[in-house]
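Note sheet for the following structure.
The chains referred to below are lettered A, B, ... by the order of the sequence lines, with proteins before strands, and numbering in each begins at 1.
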Number of protein chains: 2
Amino acid sequence: MSEKIIKVAIVEDDSDIRKLLSLIIDGSPGFECRQTYSNCEDAIENIPKDPPDVVLMDIDLPKLSGIEGIRILKEQLAKTDFLMLTIKEDDESVFQSLCAGATGYLVKDIPPANLLLSIKDVVNGGSPMSAAIARKVTMSFHKNTNSPLSERETEVLKRLCDGENYKTIADAIFVSGNTVRAHIKNIYKKLHVKSRAEAVAKAINNNLL
Amino acid sequence: MSEKIIKVAIVEDDSDIRKLLSLIIDGSPGFECRQTYSNCEDAIENIPKDPPDVVLMDIDLPKLSGIEGIRILKEQLAKTDFLMLTIKEDDESVFQSLCAGATGYLVKDIPPANLLLSIKDVVNGGSPMSAAIARKVTMSFHKNTNSPLSERETEVLKRLCDGENYKTIADAIFVSGNTVRAHIKNIYKKLHVKSRAEAVAKAINNNLL
DNA sequence: AATACAATAACGCATACGGGGTATTTTTAT
DNA sequence: ATAAAAATACCCCGTATGCGTTATTGTATT
C-alpha cells in the first residue's frame, strides 16, 4: 500500500534532538528526511520550495514559535500535514496549535517506533495525538456540567445564539417579552457580561449550551 | 501497573455483536464484562447500580439513541468513561457524541486487540479515536481559510465577540464610529445575519476568528 | 417555618443598534 | 490601465436593547 516514500521535514532548535530525529526517520524504510531547520524563519523560507508530506514542528523556537510557523506555512501548503512534537502540554499550546493548522500533537517522550507510526497515521488521514492530549481535546467538547444558568435561562441563551430577539423568544417559549428580558438580565449577571454578543461568545466558548 | 481489573459494560442491540464483544472482553486477562444491554433504557436503569469503568456504547439503538443515553448516564457517573462503538462516521454523530460526554469514538471494524488497547487507553487518561474520527476532530479546530471577511472585518468581529461596542472598537482601531458601523454592516451582509449575537455565534461556530 | 432561588411580569429611560443611503481614497487584481 | 474590493466616513430614522426597580407565585432546601 505505502509504496511511496514519506518525505518528512523537521523544525527543532535543539541540534541533538534534531539530528536524532532525522537519523531515526532517514534510517527507516519508507521514510526520508531531507530538510531540517533550527528555526521557523528558515523553515518558512525553504519548506515551500520542496513541500514535504509531513513537518515535525517544535513549539519553543528562537524567534517565531512553531505555532506561528504553522499559521504561516499551512496557508501555502494545504497538502502538507503538520505534527507538533514538543514537551509543552498546556491547554494554550495544544489548542493554539490545532487552531493554527496542526493535524496531530505528540509529546517528546514518544518512542521512535510510535513516532514513525504516527507519521504513517497522519499521511493515511489520521490525527495522531498523545493520550493526554487527545483527552484534553475530547474534554473540550463536553458540556459544562457546572453551568450557573437555570434551564430556562439556558433555553433563552440558546435562542440568543440563533439571533432571536425578545419578541420572537417570548412567542416561542410562551411567556411575555418582559419575562424574557428578565431572564436575559439574570444571564448577564451570572455570566458577568453586559451584552448579547458577549453572552453568546461566553456560552459557546464555555460549552454552556 | 494495571493490577485492577477493568469493568466494562456494553450497550448494543445486535445480539451477535453484543455476545461477541462480551466474549472478547471477558476472555481477556485484566478485563471483565458483567453487564450487557440491548437498549438504552435498561442501561440507564441498571448501570448506575454498579458503575463500570468503561461503557461501550452503540448509537443506533431501538428507542433512545446511544448519544441520548450518554447524556443521561454521564451526569450521574462522572468517573465512568464512555466509548462510542458504532458504524456511524458522520460529523453529526461524532460531535454530538463528544458533546454528550463520550471520551472516545471507535468504528466497529476495529480489531479485537485494538479494542482492548483502546479500553486500556481510556482508563489510563487517553481518548481513543479511530483515525478518520480523530482527523474530523482536529479539523474542527482549524481556522476557516475561506472566510468571506476582510482582515479589518475579522478584527472588528473579534472585538464584537469580546462585547465591545462601536465607540470602544473605534477607539481601539483608530477609526471613526461610523467606519466601525460600516464594517459591521458588511459583516452582516457577508455572514447573512442581522444582529451581533448571530454574527458572533456564526463566527465562533465556523472558526472565522 | 424559613430562606433562597426560579419563573413570571411590568414600567420608564437613555442610547446603542440595525437598516437605509452616499461618497472618497487606497489597495488589489486583471 | 482599469475595474473591483476594501477602508474610510457621514447622514437619518425607528426600535430593540441594557439598566434600574419592584412584585407575585411556586418550588426546593434547610
Side-chain angles (χ1 to χ4, degrees), chain A residues 48 72 75-76 78 143-206 208-209, chain B residues 72 75-76 143-206 208-209:
Chain A
I72 292 163
E75 263 187 274
Q76 312 165 247
K143 187 174 185 303
N144 187 340
T145 49
N146 276 18
S147 169
L149 305 179
S150 70
E151 263 186 55
R152 205 56 155 169
E153 285 158 359
T154 305
E155 165 75 16
V156 170
L157 186 50
K158 265 185 198 151
R159 292 176 180 278
L160 285 183
C161 289
D162 295 334
E164 296 187 33
N165 60 12
Y166 287 112
K167 179 103 193 66
T168 314
I169 297 176
D171 290 351
I173 67 175
F174 308 110
V175 296
S176 83
N178 283 314
T179 301
V180 174
R181 302 187 64 166
H183 285 313
I184 293 179
K185 276 185 239 183
N186 284 327
I187 292 171
Y188 289 177
K189 273 207 191 76
K190 289 180 176 177
L191 297 187
H192 309 294
V193 299
K194 45 191 190 311
S195 75
R196 287 160 133 65
E198 242 183 312
V200 169
K202 201 150 201 167
I204 298 178
N205 290 325
N206 292 61
L208 298 178
L209 305 184
Chain B
I72 292 163
E75 262 187 274
Q76 311 164 246
K143 187 174 184 305
N144 187 340
T145 48
N146 277 19
S147 170
L149 304 178
S150 70
E151 262 187 57
R152 207 52 156 170
E153 287 159 356
T154 305
E155 165 76 15
V156 170
L157 186 50
K158 265 186 198 149
R159 291 176 181 276
L160 285 184
C161 288
D162 295 334
E164 295 187 35
N165 59 14
Y166 289 112
K167 179 106 193 67
T168 314
I169 297 176
D171 291 349
I173 67 176
F174 308 109
V175 296
S176 83
N178 283 315
T179 301
V180 174
R181 303 189 60 163
H183 285 312
I184 292 179
K185 278 185 231 182
N186 285 328
I187 293 171
Y188 289 176
K189 274 207 191 74
K190 289 180 177 178
L191 298 188
H192 309 294
V193 299
K194 49 192 186 313
S195 75
R196 287 161 132 67
E198 244 183 311
V200 169
K202 199 150 202 166
I204 298 179
N205 290 325
N206 293 59
L208 298 178
L209 306 183

Strictly below 4.0 Å: does [X] bring a side-chain N or O up to OP1 or OP2 of [N]?
X	N	value
His183(A)	dT8(C)	yes
Ser150(B)	dA7(D)	yes
Asn178(B)	dA9(D)	no
Ser176(A)	dA10(C)	yes

_Heavy-atom closest contact (Leu157(B) atom, Leu209(B) atom, distance)_ =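 Taking every non-hydrogen atom into account, CG-CD2, 4.0 Å.
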
Would you kindly give the [atom1]-to-[atom2] distance between [X] and [N], to the nearest whole Å?
X	N	atom1	atom2	result
Glu151(B)	dT8(D)	CD	C1'	16 Å
Leu149(A)	dA7(C)	CG	C1'	14 Å
Glu153(A)	dT8(C)	CD	C1'	12 Å
Ile173(B)	dA6(D)	CD1	P	16 Å
Asn186(B)	dG19(C)	CG	P	12 Å
Ile169(A)	dT8(C)	CD1	P	13 Å
Glu155(B)	dA6(D)	CD	P	16 Å
Phe174(A)	dT8(C)	CZ	P	12 Å

Expected string for nucleotides 24-30 of chain C under the B/S/- scheme (protein heavy atoms, under 4.0 Å, primed atoms plus P, OP1, OP2 as sugar-phosphate) is -------

B/S/- along nucleotides 17-30 of chain D (protein heavy atoms under 4.0 Å) is BBBBB---------

Fill in: Residues in salt bridge (charged side-chain N to carboxylate O under 4.0 Å, His left out) contact with Arg152(B), at least two apart in sequence or another chain
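Arg152(B) satisfies salt bridge (charged side-chain N to carboxylate O under 4.0 Å, His left out) with no other residue.
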
### Task
Report, as yes or no, whether the 6.0 Å neighbourhood of atom CD on Gln76(A) holds more than 12 heavy atoms from other residues, nucleotides or ligands.
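Count over threshold, so yes.
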
- If you look at every strand shown and take non-hydrogen atoms under 4.0 Å, does Thr179(B) touch a base, only sugar-phosphate, or nothing?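 Base, at least one base heavy atom under 4.0 Å.
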
Tabulate below the donor-acceptor pairs under 3.5 Å that side-chain atoms of residues 172-183 of chain A make, not counting sequence neighbours, or state none.
unit_1, atom_1, unit_2, atom_2, d
Ser176(A), OG, Asn178(A), N, 3.3
Ser176(A), OG, Thr179(A), N, 3.1
Ser176(A), OG, Thr179(A), OG1, 3.2

For this session: Verify side chain to side chain donor-acceptor pair (under 3.5 Å) between Asp171(B) and Thr168(B), making sure each step is shown before the conclusion.
Result: CA-CA 5 Å; Asp171(B) 291 349; Thr168(B) 314; over 6 Å; no

Are side-chain heavy atoms of Arg159(A) and Glu155(A) found at a separation under 4.5 Å?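 A side-chain contact under 4.5 Å exists here.
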
ask   = Heavy atoms, side chains only, cut-off 4.5 Å: are Asn186(B) and Leu149(B) in contact?
value =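 No; the side chains remain at least 4.5 Å from each other.
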
*If you round to the nearest 0.5 Å, how far is CG of Asn144(A) from CG of Asn205(A)?*
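Taking CG in Asn205(A) and CG in Asn144(A), the distance rounds to 12.0 Å.
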
Note to self: How long is the straight-line distance from CD1 of Ile184(B) back to CD of Glu153(B), given to the nearest 0.5 Å?
What the structure shows: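 Between Glu153(B) CD and Ile184(B) CD1, I get 10.5 Å after rounding to 0.5 Å.
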
Please tabulate, one pair per line, all N/O donor-acceptor pairs under 3.5 Å involving side-chain atoms of residues 195-204 of chain B, not counting sequence neighbours.
unit_1, atom_1, unit_2, atom_2, d
Ser195(B), OG, Glu198(B), N, 3.3
Glu198(B), OE1, Lys194(B), N, 3.2
Lys202(B), NZ, Leu191(B), O, 3.2

Anything below 3.5 Å on both distances counts as a pair; with that, list the stems of at least three consecutive Watson-Crick or G-U pairs involving DNA chain D.
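Stems for DNA chain D, defined as runs of 3 or more consecutive pairs: C:3-29 with D:2-28.
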
